[in-house]
Engineer: 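My questions all concern the structure below.
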Protein chains: 2
Amino acid sequence: MPKLSAAYATTTLQRPLVATDIVLFALRDDALQVVLIRRAMPPFAGKWALPGGFVLPDETIDHAAKRELAEETGMRIAGEYLEQLYTFGEVRRDPRARVISVAYLALMHGEGAEPRGGSDAADATWFAIGSLPQLAFDHADIIAYALQRLRYKLEYTNVLYAMLPEHFTLPDLQQAYETIMGAALDKRNFRKKIISLGFVKPLQRWTQPEKGRPAQLWKFTKREPVMVKTFVTKAGG
Amino acid sequence: MPKLSAAYATTTLQRPLVATDIVLFALRDDALQVVLIRRAMPPFAGKWALPGGFVLPDETIDHAAKRELAEETGMRIAGEYLEQLYTFGEVRRDPRARVISVAYLALMHGEGAEPRGGSDAADATWFAIGSLPQLAFDHADIIAYALQRLRYKLEYTNVLYAMLPEHFTLPDLQQAYETIMGAALDKRNFRKKIISLGFVKPLQRWTQPEKGRPAQLWKFTKREPVMVKTFVTKAGG
DNA sequence: ACAAAAGTGTTAATTTTACACCCATGG
DNA sequence: CCATGGGTGTAAAATTAACACTTTTGT
């Protein structure tokens, strides 16, 4: 194996370290929530933070993200959604050492998904986006960035498949959009739009509500990321 | 300063290293071109690669990107455009060691901007996107990703300000779009669109061409990133 | 029959597309 | 007056936005 350049080798003891932080969102109790852990170790011991940790030498960054999430919260991103967000590299973002963190956006459906602390996490639980505690490091920035990205993605992808159960009603789906976007949508226009995009298809099944008319159940046509076919300006003349 | 956890400290000698690679695009000779360097050192000595290098302990990643670009090519990203793209972390992407690379997208206007080799670069020059040489590492993937990102950005931002001179004609601007998107656009519709977006404003100056009618000069209203005000679904009902 | 929630259609406004000729200049 | 490239408008089509009543069920 060829050696690294002499110039870089001399700085070896102060190289930046590489970590990953995961913003795992789910819809719970009609709110967008994120999993946080209570840090067991300094710095910021006792403070809430995103799950995450250092990337090991023989794993990809994606793998580190999934592993740390599982270790610290018990949550697994299986058929759900995991996407690299951004790499945060301010020099003093971690008081211990120079740590560069590759942040991830993860989505899952949150009903019945209870995190449990583990590893470096004294505790782990969901927080609604609107009532986050004070956070360690630059994790508030990371969450804000993740939320912005999620909102953009809702506009032109089907990523919501990861946040809803396999079968759902259109009012459920609309509720999910509204909760995440923080805005009310017109029911008729919403339905027309979402159906015409082809993201969802109806089942021959209906809910059995205690009150009100039963709602038809739908499913996503694909449970993998699909983009709207925008983004091709037209030719001509 | 608090210490890192014992578990992580034991892996200290094989921590991932952090580098940055820069995809610097410019429009030259009616083509989208990218700066490549010829590697002076192994691995891939003699092969073409993106400019880039390791992140030093006391600099941000953005800074490392600018510094390495300057060292290896002599090019400076001043009032231009620099954006973090994606972090590439496959375990064996660098045969020397575990190297994680934070890739950047940089844009500048390329007329009269001649790179020169330096530092670890035996040579540095522009290549048209359509005729790239064989590339070291996963740099072909990185360029492909950067190109995709640039094309998306053209659709909803004014980033082209970084790739055009301060004053330009609308045919120049259209040509730039077409070159990057790889598609022809209708002249009248293009003008209506770009003007209605408010990205550009006309000057009271005209070109003095050798042939044909003089063209009016325009400038960008803002020489900083601005997004189209899309991305807000409407409320109601 | 009432309360609750689901479902449905039409019109106006806006945006996007298609398309062809006239204008200003230099040689 | 010709060649070259710049500049312009309008109508059709598609998309988006606004908006209110009827249906189904359980009690």
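Chain A is the first sequence line, chain B the second, and so forth, proteins listed ahead of strands; every chain is numbered from 1. In what follows, every heavy atom counts, from backbone to side chain, and hydrogens, waters and symmetry copies are set aside.
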Engineer: I need the CD-P distance between A:E155 and D:dT16, as an integer number of Å.
Structural biologist: 11 Å
Engineer: Could you check, using the six-membered ring where one of them is a Trp, whether B:F199 and B:F220 have ring centers closer than 6.0 angstrom?
Structural biologist: no
Engineer: Under 4.0 Å between a side-chain nitrogen and a carboxylate oxygen: does that hold for B:E71 and B:R67?
Structural biologist: yes
Engineer: Is the shortest side-chain heavy-atom distance between B:L154 and B:R151 below 4.5 Å?
Structural biologist: no
Engineer: To the nearest angstrom, how far is A:W206 atom CH2 from C:dG7 atom C1'?
Structural biologist: 12 Å
Engineer: Starting from P on C:dA24, measure out to CZ on B:R205 and report it in whole angstrom.
Structural biologist: 20 Å
Engineer: Send over the distance from A:K193 NZ to D:dT15 P, rounded to a whole Å.
Structural biologist: 10 Å
Engineer: Please report, rounded to the nearest Å, how far the P atom of C:dA5 is from the CZ atom of A:R191.
Structural biologist: 15 Å
Engineer: Rounded to whole angstrom units, what separation is found between the CD atom of B:Q175 and the C1' atom of D:dG5?
Structural biologist: 13 Å
Engineer: Answer yes when B:E114 and B:R28 have at least one side-chain N-carboxylate O distance shorter than 4.0 Å, and no when they do not.
Structural biologist: yes
Engineer: For residues B:V200 and B:F168, report the shortest heavy-atom separation together with the two atoms involved.
Structural biologist: CG1-CZ, 3.8 Å
Engineer: When you check the gap from the basic side-chain N to the acidic O, do A:D21 and A:R93 get nearer than 4.0 Å?
Structural biologist: yes
Engineer: Parallel, tilted or perpendicular for B:Y86 and B:F88, by the 30°/60° rule?
Structural biologist: perpendicular
Engineer: Tabulate protein N/O versus nucleotide N/O from nucleotides 25-27 of chain D, keeping only pairs under 3.5 Å, one per line.
Structural biologist:
unit_1: D:dG26; atom_1: O3'; unit_2: A:E210; atom_2: O; d: 3.4

Engineer: In whole angstroms, how far is the P atom of C:dA6 from the CD atom of A:Q208?
Structural biologist: 15 Å
Engineer: With a 4.0 Å cut-off, would you call A:R149 and A:E83 a salt bridge?
Structural biologist: yes
Engineer: Quick one: which protein N/O atoms are closer than 3.5 Å to N/O atoms of nucleotides 9-14 of chain C? Pair and distance per line, please.
Structural biologist:
unit_1: C:dT10; atom_1: O4; unit_2: A:K192; atom_2: NZ; d: 2.9

Engineer: For residues B:V34 and B:L24, determine if any side-chain heavy atom of one lies less than 4.5 Å from a side-chain heavy atom of the other.
Structural biologist: no
Engineer: Without decimals, in angstroms, what is the distance between B:F190 CZ and D:dG6 C1'?
Structural biologist: 14 Å
